[in-house]
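All values below come from the heavy atoms of this structure, side chains included, with hydrogens, waters and symmetry mates left out. Below, chain A is the first sequence line, B the second, and so on; all start at residue 1.
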Protein chains: 2
Amino acid sequence: MATMKDVARDAGVSIYTVSATLSGSANVSAELRARVTESVSRLGYERNSTARGLKRGTSSLLGLIVSDVTNPYFTELVEHIQDKAHQTGYSVLLGISDHDVDREAELLALMRSHQAAGTILCPAGGEEDYADGRLSRGRMRLIAVDNTAPGLGVDTVCLDNRVAADLAVSHLLELGHHRIGVVAGMRQQYVSRERLAGRDAALARAGIASDPELVTYGDFRLEEGHACGRALLTLASPPTAIFVANNLMLIGVMRALAEAGVRVPDDMSVCSIDDFPWAPAFQPALTVVRQPIAAMAEAAFERLVERLGGDDGPATARDFAPELVVRRSCASIGNG
Amino acid sequence: MATMKDVARDAGVSIYTVSATLSGSANVSAELRARVTESVSRLGYERNSTARGLKRGTSSLLGLIVSDVTNPYFTELVEHIQDKAHQTGYSVLLGISDHDVDREAELLALMRSHQAAGTILCPAGGEEDYADGRLSRGRMRLIAVDNTAPGLGVDTVCLDNRVAADLAVSHLLELGHHRIGVVAGMRQQYVSRERLAGRDAALARAGIASDPELVTYGDFRLEEGHACGRALLTLASPPTAIFVANNLMLIGVMRALAEAGVRVPDDMSVCSIDDFPWAPAFQPALTVVRQPIAAMAEAAFERLVERLGGDDGPATARDFAPELVVRRSCASIGNG
DNA sequence: GTGAAAGCGCTAACAG
DNA sequence: CTGTTAGCGCTTTCAC
């Protein structure tokens with residue numbers, strides 16, 4: 001592969017002129033600039049980002065760590081972040097934590113090691129996991145998306161999870177449901193607790209006591225959603241509706257329901273958080289609370305860019321408003 | 001951030017000893033090794049991959065270029081490759097070509113620029129796009145997955161696309177369907193042409209002439225699948241079954257069918273290539289031809305590792321056998 | 001078994 | 001406006 005030195009020799013200029021030309025510096029005469037660009041394309045020269053990164057102490061790499069790419073929420077997030085990164089001249093180093101905080105820590109170290117300018121992280125853990133300050137190591141900028149922990153000291157971009165759950169449960173309540181099963185996420189995660197809190201708020205407002213046996217806990221993955229759905233179905237007094245905390249567990253619940261011959265929404269109403277491309281194509285089309293993923297991805301990215309631009313202000317937190325998308329998976333209890 | 005020099009000073013050894021220890025060289029006494037490891041953890045030292053990459057002329061980065069992460073096939077591929085990479089000490093630099101060969105070329109240059117040891121590419125183009133040899137630039141090793149072009153001179157890992165389409169169409173034929181609509185992929189792609197050829201083979205074997213108006217072309221994305229589905233429905237003499245070339249277009253077709261009030265499988269049988277997590281949860285559960293994605297990802301990865309290990313043999317091509325997964329979206333024509 | 005030292009390809013401060 | 005030069009942090013040959 002040709003190096004800058006080769007280009008300089010070929011163009012009959014100094015190595016500085018080549019570097020300056022490639023970086024778009026104004027201090028190069030039009031003539032030399034032309035000679036350089038010509039040599040560059042003739043030699044098929046491509047700048048070595050590794051050397052550049054070493055010298056500059058930072059690279060054009062951006063870390064992106066999600067817990068599970070196969071979850072459509074994260075998939076879409078990856079898509080949007082990738083898109084913004086490309087537009088801005090960054091590349092994305094992708095990490096998958098698989099919901100494991102140790103793996104996540106490894107990945108963060110990796111991003112630092114590759115001199116990533118910043119990293120967008122969907123944290124897998126809860127407050128205690130981050131108490132050791134692992135998120136603020138080194139000088140790599142970090143933005144937390146989706147999940148967070150209070151007092152983390154990191155910029156965050158989240159859904160307003162309380163409102164989201166409240167929206168879903170209130171919808172069910174309005175349809176006349178009183179016994180609403182819950183498939184919640186992992187207890188240690190702030191996002192799970194917030195969603196549970198939103199559900200409690202809706203119940204409290206309706207004057208309904210929360211029956212603990214109606215609350216099951218999964219890990220945001222399909223299999224446990226399936227198990228939770230089954231557990232709810234085998235209750236002595238099963239619910240008439242189920243609120244599911246995320247998309248993947250929703251699919252699991254739908255499978256459990258189908259296997260048990262429970263019809264939706266006739267026998268059971270179902271509402272979850274997270275919209276996804278297949279939700280409207282289901283029979284019945286699924287009623288969900290949608291997260292504005294594109295806007296959230298953009299906000300996270302913009303914040304990161306601000307930080308990279310030198311912003312050293314205190315950590316900010318942005319909450320995004322969820323939206324109830326009514327389709328056909330929830331029916332009023334009389335119509336069951 | 002601490003550097004190797006800092007560690008050396010702290011441990012009272014030379015910089016060489018630190019480097020050798022970190023690289024697991026045998027030429028370090030147990031005592032010095034211990035002192036080094038201790039200093040490393042005390043200082044929180046993390047090796048700078050950028051400097052390492054510059055010096056070594058290659059990095060622990062692996063490029064992975066897919067055309068669309070939101071396609072579950074690619075999502076799962078990303079998941080598996082990522083997994084293998086992690087196990088082997090590599091990190092994944094993700095690129096999304098968005099089905100654009102120019103973008104793809106940019107991404108390839110990017111991977112080279114970051115000294116990626118190798119790249120796994122799901123090519124977006126056809127033979128003529130790669131005639132300029134753009135795939136063999138530099139010394140970065142390349143493996144093509146999913147799509148390819150004959151005579152590319154690159155190792156490939158693909159589905160046996162002819163057999164896959166043949167399997168799907170034969171299934172429909174056996175159920176008594178004669179007018180089988182087709183939603184094919186982009187014409188310039190080899191993978192599309194192969195799938196079409198497989199369908200032709202099945203038809204020929206059954207002694208059925210191919211009606212050109214039954215063949216529509218999409219771009220492997222949902223929207224065009226939707227449009228193709230609609231087009232097929234509005235034919236003067238519509239098909240009784242539809243064979244769809246991939247998962248995303250299948251969703252589009254299902255939507256079009258639902259909108260038109262066409263019941264599956266009662267009024268229309270549907271079969272596609274690509275299984276995905278939601279296929280069994282659909283009403284009706286979808287009959288598909290499954291690609292062994294995990295095995296394909298593994299094969300691609302292994303091949304890349306072989307190449308990185310110095311294998312300089314001629315390009316190899318591996319075809320994987322598809323599997324028909326019969327669920328409930330295809331019915332015999334009499335039962336319609 | 002250990003250390004010293006020469007760069008990898010590039011950027012940017014300094015000189016002219 | 002252009003060239004020279006000193007490293008960035010690391011690996012690795014060559015001496016000891």
In terms of side-chain geometry, is the basic nitrogen of [X] or [Y] positioned less than 4.0 Å from the acidic oxygen of its partner?
| X | Y | value |
| --- | --- | --- |
| A:Glu38 | A:Arg35 | no |
| A:Asp312 | A:Arg141 | yes |
| B:Arg221 | B:Asp98 | yes |

Without decimals, in angstroms, what is the distance between [X] [atom1] and [N] [atom2]?
| X | N | atom1 | atom2 | answer |
| --- | --- | --- | --- | --- |
| B:Leu22 | D:dC10 | CG | P | 9 Å |
| A:Leu32 | D:dC1 | CG | C1' | 8 Å |
| B:His114 | C:dG9 | NE2 | C1' | 14 Å |
| A:Gln115 | D:dC8 | CD | C1' | 9 Å |
| A:Met1 | C:dC10 | CE | P | 10 Å |

Would A:His99 and A:Glu104 count as having a side-chain donor-acceptor pair, cut-off 3.5 Å?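 A:Glu104 and A:His99 do not have a side-chain donor-acceptor pair below 3.5 Å.
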Would you say A:Ser113 and B:Ser49 are linked by a side-chain donor-acceptor pair, where the criterion is simply a distance under 3.5 Å? yes
Does atom CZ of B:Arg103 have more than 12 heavy-atom neighbours, drawn from other residues, nucleotides or ligands, at distances under 6.0 Å?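 Yes, CZ of B:Arg103 has more than 12 neighbouring heavy atoms, counting only those of other groups under 6.0 Å.
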DNA chain C contacts among residues 34-59 of chain B, heavy-atom distance under 4.0 Å: B:Leu54, B:Lys55
Can you tell me if B:Thr3 touches the phosphate of D:dC10, counting only side-chain N or O atoms and a distance under 4.0 Å to OP1 or OP2? yes
Whether A:Ser19 contacts C:dT11 is assessed here as follows: a side-chain N or O lying under 4.0 Å from the phosphate OP1 or OP2. Is that the case? yes
List the atom pairs, donor and acceptor, that lie under 3.5 Å between side-chain atoms in residues 299-309 of chain B and the rest of the protein, sequence neighbours left out.
| unit_1 | atom_1 | unit_2 | atom_2 | d |
| --- | --- | --- | --- | --- |
| B:Glu302 | OE2 | B:Lys84 | NZ | 3.3 |
| B:Arg303 | NE | B:Thr316 | OG1 | 2.8 |
| B:Arg303 | NH1 | B:Glu306 | OE1 | 2.4 |
| B:Arg303 | NH1 | B:Asp311 | OD2 | 3.2 |
| B:Arg307 | NE | B:Asp155 | OD2 | 2.6 |
| B:Arg307 | NH1 | B:Asp311 | O | 3.1 |
| B:Arg307 | NH1 | B:Asp311 | OD1 | 3.3 |
| B:Arg307 | NH1 | B:Gly313 | O | 2.9 |
| B:Arg307 | NH2 | B:Asp155 | OD1 | 3.0 |
| B:Arg307 | NH2 | B:Asp155 | OD2 | 3.2 |
| B:Arg307 | NH2 | B:Gly313 | O | 3.1 |
| B:Arg307 | NH2 | B:Pro314 | O | 3.2 |

Proximity to the side chain of A:Ser29 - top-ranked nucleotide from D:dC1, D:dG3, C:dG1: D:dC1
Return the nearest nucleotide to the side chain of B:Ile15; candidates are C:dG3, D:dT11, D:dT4. D:dT11
Is A:Leu121 close to A:Leu107 at the side-chain level, that is, under 4.5 Å between some pair of heavy atoms?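 They are not in side-chain contact.
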What are the residues of residues 4-12 of chain A, sorted by number, that bring a heavy atom to within less than 4.0 Å of DNA chain D?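 Those residues whose heavy atoms fall under 4.0 Å from DNA chain D, taken from residues 4-12 of chain A, amount to none.
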Restricting to non-hydrogen atoms, name the atom on A:Thr21 and the atom on A:Thr17 that form the minimum distance, rounded to 0.1 Å. OG1-O, 2.6 Å
